[in-house]
2 protein chains.
Amino acid sequence: MPPSSRVTIRDVAAAAGVSVATVSKVLNNRYGVAAETFARVTTVIEELGYEASLVAQSLRNHRTNVIGILVADIEPFSTELLKGAADAIRGTGFELVVYSAGGRTGDPQGWERRYLTRLSGTLVDGAVLVTPAVDLEGLPGTPVVAVDPHTGRSPLPTVDSDNLHGGQLATEHLLSLGHRRIALLTGREDLKSAQQRETGYRRALAAAGVPVHEDLILRGDYDHDIAARSAHELLKGLDRPTAVFAANDISAIATIETALELGLRVPDDLSVVGFDNIPESALCSPPLTTVQQPIREMGRRAITLLVKLIDGEMPDETHITLGTDLVIRRSTARLS
Amino acid sequence: MPPSSRVTIRDVAAAAGVSVATVSKVLNNRYGVAAETFARVTTVIEELGYEASLVAQSLRNHRTNVIGILVADIEPFSTELLKGAADAIRGTGFELVVYSAGGRTGDPQGWERRYLTRLSGTLVDGAVLVTPAVDLEGLPGTPVVAVDPHTGRSPLPTVDSDNLHGGQLATEHLLSLGHRRIALLTGREDLKSAQQRETGYRRALAAAGVPVHEDLILRGDYDHDIAARSAHELLKGLDRPTAVFAANDISAIATIETALELGLRVPDDLSVVGFDNIPESALCSPPLTTVQQPIREMGRRAITLLVKLIDGEMPDETHITLGTDLVIRRSTARLS
DNA sequence: TTGAAAGCGCTAACAT
DNA sequence: ATGTTAGCGCTTTCAA
């Protein structure tokens, strides 16, 4: 590669017959440049198609006006979140840059930390983390907001949604339809969201005075195949549940598919409620009653919060939990 | 310890009692460092949690091992493409960084150019452009691959899909079902893809000896509401078409919705074929027969091509057009 | 084996 | 109003 083909500030200075300092002043609209000089430099900049190097600027100024958003992978959840973030960033004067770990396997924990350290203070003024981990408490000087952190309560500013209440909502909905044998397909055991959804389920049953049958609680793991197997286990017998609360959308779909394979009609023979990880609009066949997470709003709020942090304002709250809603589509039916 | 300042190479050097040069050598595994020194420096690096600044490295080395991917907005198409790109980047030694214009309105053309110029030679070794425009022919020294460029044949290396053939496939499918009055809801007039889909439609009809009725060709604009209005126009009368080819998925869905509102059964009374811009898995109700673009594969190929370009290899081809396939789901029926 | 020094492209004091 | 200069954090000769 020709390494020297880039137009630099020196080329501009030379072509305009001024010093680099003057060009810099023009670039940054600093005072102390004659109108005539200003015009000449501007012309040369246009002609040469010059743009200042982001890198050099970053190195010099410690402010970059860039916000980084680190996602574990590009999938529907993170995508939806990115949209919200992109929404919110408009008009803030910041740019958004997305770093994806690409779902890489090795180095599962350290990735965010490494990246963040390499970028912070230089390339980004702050970051939104959409990756599970984060024990980044001690990261120097770089504001960070964690979205839906998967491990316990984090010391970082956080935006998440109310999985506990969501689990309750889903279960209460099924209870209100008259169901009493309500199964649960759990989520990934290592994630807080899954635990909370399960807690919500248990609480709702308890509150309704319905005993929890542990044999109606099976692993779903947020995974299609595992959920399908569990669903099969659940539904094959005659003592099958009349309703299933699946801890996410994938497993809800797997449940419905399995039910249909077993000759059960949904929702007539089996009611299913899921929990969205992907936005409503993308949720496919069959239409499903789910608990909806405000994913985009989470992205928006994360940016808003982060911008405040970067600007040194005191935000009203640093741990934001957004509500979840039950969205009734077509797959639940009153128990006859 | 100053809490808000970054750990730099000098801090490491000081703590280890060596010069920055030595630390740099350790970082980059250069020869000429005593094993004992190496160990000591390594230890200090760990202790301090030091990571080299990406920015400073970029400024020094002209190689960054980062590939930038510029998207106009985060939406299903670009997302799917990102996934493919993320796939392909694994094992190449490059990182992927996504820049989103956030669908911004002002500065509609210049965005890519500006960004690219600011990044190139410094922050990225090359870029994939997923934005409409691009007359970036003269960009010095930075390899660029355009994906699905919307304006004519580009001088840049390009990856796209065969919209012409796709249009033919869709139309031929409807013809093969016995349809003769086949309407077209066009796409955005300014985009090459839309023109090609229309051309495919016209050619297929011509090849089958079916005359083209211009009043069966209405604007769809890749837009839900516009397409819905046109569909209404098309379907309200008694001389309505028996089939519709919609230039993208959005307008196909709009067509089906409109048809249902008008009391037409789909596919019994009306066959609809669409053209996917979003991946199959995300395509919602109602299940739709579509022409499928290999979006992920486009992302993969773009990266592969770009990596070759960056490494100075001569790629076999610089203009890659991938095939499109007809995916038959449930919304087409033989004309009775 | 190690370190001093130059410089990547840029900005901001501090001259002039 | 303009230019000179000193770095930002890093890598890389080249000399010690």
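Chain naming here is simple, since letters A, B, ... match the order of the sequence lines and numbering starts at 1 in each.
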- State whether the side chain of B:S24 and the backbone N or O of B:V20 hold a donor-acceptor pair below 3.5 Å, judged by distance alone. no
- Note on the structure: A:E36 atom CD is separated from D:dT2 atom C1', nearest whole Å, by 13 Å
- Computed from five pairs at either end and rounded to 10 degrees, the angle between the axes of the helix from C:dT1-D:dA16 to C:dT16-D:dA1 is 50°
- Could you state the CG-C1' distance from A:L54 to C:dT11, rounded to the nearest angstrom? 14 Å
- Message: Is it the case that over 12 heavy atoms from other parts of the model lie below 6.0 angstrom from the CZ atom of B:R300?
- Response: yes
- Query: Which pairs pass salt bridge (Lys or Arg N to Asp or Glu O under 4.0 Å) with one or both residues in residues 17-44 of chain A, sequence neighbours excluded?
  - Reply: A:E36-A:R40
- Check whether any side-chain N or O of A:R6 sits under 3.5 Å from a backbone N or O of B:T117 as a donor-acceptor pair, and report yes or no. yes
Compile the donor-acceptor pairs under 3.5 Å between side chains in residues 309-322 of chain B and protein atoms, sequence neighbours left out, one pair per line.
residue: B:D311; atom: OD1; partner: B:R63; partner atom: NH2; Å: 3.3
residue: B:H319; atom: NE2; partner: B:L156; partner atom: O; Å: 3.3
residue: B:T321; atom: OG1; partner: B:D160; partner atom: OD1; Å: 2.8

- Sorted by chain and number, sequence neighbours left out, salt bridge (Lys or Arg N to Asp or Glu O under 4.0 Å) with A:E51 holds for none
- For A:T64 and A:L123, indicate whether the former's side chain and the latter's backbone hold a donor-acceptor pair under 3.5 Å. yes
- Task: List for me each residue that meets salt bridge (Lys or Arg N to Asp or Glu O under 4.0 Å) alongside B:R60, sequence neighbours excluded, and say none if there are none.
- Result: none
- How does each nucleotide of nucleotides 7-13 of chain D score, in 5' to 3' order, for protein heavy atoms under 4.0 Å: base (B), sugar-phosphate only (S), or none (-)? BBBBBB-
